[in-house]
A.B. asks: 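Okay, handing you the structure first.
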Amino acid sequence: METISYPLTVVYCGNCSLPIEYCEYHPDHDKCKAWLEKNLPDEFEKISIGDKPEEEGTEKKKQQKRGGKGIIKARSKKESGPKQVFLSRAPRGKKKSVTVVTGLSSFDIDLKVAAKFFGTKFACGSSVTGEDEIVIQGDVKDELFDVIPEKWPDIDEDSIEDLGDLKR
């Protein structure tokens, strides 16, 4: 039996940042093995001794496909047409309204950064509400036609479209 000395030192994987004993539960287990073999060969031999060789004729063990943060999702980019930014105004209550900006992510703009910029520029609340939607409190649609091309030069005024008033 192996004696344990205190305090314990835990070795973490450089690929998944989990303790190396738990790398087998990460979706990119093969990358973890490669990192471990390259950087910590002694630990790799200890871990790989416990691995069972696969018997011929049996299928490889299926990894879990559902669940929380362990699954790595690839971001799919929608290239279904020309890149455009859409501006619209939606009513909020009786006399108030919000401005909705969509399409900024097609120009590879971080929506959280853009929402923070709009909030500070117009001194109002601004938040990311959908996959590609920013809601700015107040009617600032007319100012956005000048502000967006000034902040992001790759968006010209021709690629900004006004959708008018929408019902939310």
Side-chain angles (χ1 to χ4, degrees), residues 9-40 61-168:
T9 57
V10 181
V11 180
Y12 294 96
C13 175
N15 182 48
C16 65
S17 72
L18 293 173
I20 59 172
E21 296 85 20
Y22 295 102
C23 282
E24 63 181 291
Y25 302 110
H26 193 265
D28 286 340
H29 178 59
D30 297 330
K31 290 182 182 178
C32 291
K33 273 185 168 180
W35 182 89
L36 195 61
E37 186 175 22
K38 179 182 175 189
N39 296 309
L40 299 169
K61 180 182 160 187
K62 292 184 179 179
Q63 290 185 342
Q64 184 175 354
K65 297 290 183 191
R66 59 189 168 90
K69 296 181 179 179
I71 295 178
I72 298 172
K73 297 179 182 176
R75 296 181 91 185
S76 61
K77 294 194 176 186
K78 298 174 185 172
E79 296 293 333
S80 61
K83 298 179 181 180
Q84 283 232 268
V85 176
F86 299 101
L87 304 177
S88 60
R89 193 177 75 195
R92 186 181 69 93
K94 292 183 179 178
K95 294 183 180 180
K96 300 188 180 211
S97 62
V98 294
T99 304
V100 181
V101 181
T102 56
L104 284 177
S105 65
S106 64
F107 289 94
D108 294 330
I109 294 171
D110 187 10
L111 296 181
K112 288 184 179 181
V113 173
K116 176 86 173 175
F117 170 74
F118 293 142
T120 56
K121 177 75 175 174
F122 300 118
C124 64
S126 178
S127 63
V128 179
T129 57
E131 192 173 304
D132 186 21
E133 181 179 76
I134 297 176
V135 173
I136 306 168
Q137 293 179 0
D139 183 11
V140 294
K141 184 173 60 172
D142 297 332
E143 290 90 357
L144 283 173
F145 284 102
D146 299 327
V147 170
I148 290 176
E150 182 181 313
K151 173 72 174 170
W152 297 284
D154 57 330
I155 303 174
D156 58 342
E157 291 186 22
D158 298 333
S159 61
I160 301 174
E161 187 174 328
D162 185 2
L163 298 180
D165 290 351
L166 296 179
K167 292 182 180 178
R168 281 180 68 78

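All values derive from a computational prediction rather than experimental measurement.
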A.B. asks: What is the distance from atom CG of Asp154 to atom CD1 of Ile109, rounded to the nearest 0.5 Å?
C.D. replies: 6.0 Å

A.B. asks: Can you tell me how far the OH atom of Tyr12 sits from the CD1 atom of Ile20, to the nearest 0.5 Å?
C.D. replies: 11.0 Å

A.B. asks: Extract all donor-acceptor atom pairs below 3.5 Å that involve side chains of residues 137-153 and protein atoms in other chains or at least two apart in sequence.
C.D. replies:
{"residue": "Asp139", "atom": "OD2", "partner": "Arg89", "partner atom": "NH1", "Å": "3.1"}
{"residue": "Lys141", "atom": "NZ", "partner": "Asp162", "partner atom": "OD1", "Å": "3.2"}

A.B. asks: Would you say Asp132's side chain and Gly103's backbone share a donor-acceptor pair under 3.5 angstrom?
C.D. replies: yes

A.B. asks: Would you indicate whether the side-chain heavy atoms of Lys33 and His29 approach each other to under 4.5 Å?
C.D. replies: yes

A.B. asks: Quick one: list whatever passes side chain to side chain donor-acceptor pair (under 3.5 Å) with Asp156, sequence neighbours left out.
C.D. replies: Ser159

A.B. asks: For a quick test of reading the model, state the closest non-hydrogen atom pair linking Leu111 to Ser105 and the distance between them.
C.D. replies: CD2-N, 4.1 Å

A.B. asks: To the nearest 0.5 angstrom, please state how far the CD atom of Gln84 sits from the CD1 atom of Ile155.
C.D. replies: 11.0 Å

A.B. asks: Quick one: pull up CD in Glu37 and SG in Cys32 and give me the separation to the nearest 0.5 Å.
C.D. replies: 13.0 Å

A.B. asks: As an exercise, state the distance from CG of Asp108 to CG of Asp110, rounded to the nearest 0.5 Å.
C.D. replies: 10.5 Å

A.B. asks: Over 60° means perpendicular and under 30° means parallel, so classify the ring planes of Phe118 and Phe122, tilted if in between.
C.D. replies: parallel

A.B. asks: Locate the shortest heavy-atom distance separating Val98 from Arg92; write the atom from each residue and the value.
C.D. replies: CG1-CD, 3.7 Å

A.B. asks: At what distance, to the nearest 0.5 angstrom, does NZ of Lys112 lie from CD1 of Ile134?
C.D. replies: 12.0 Å

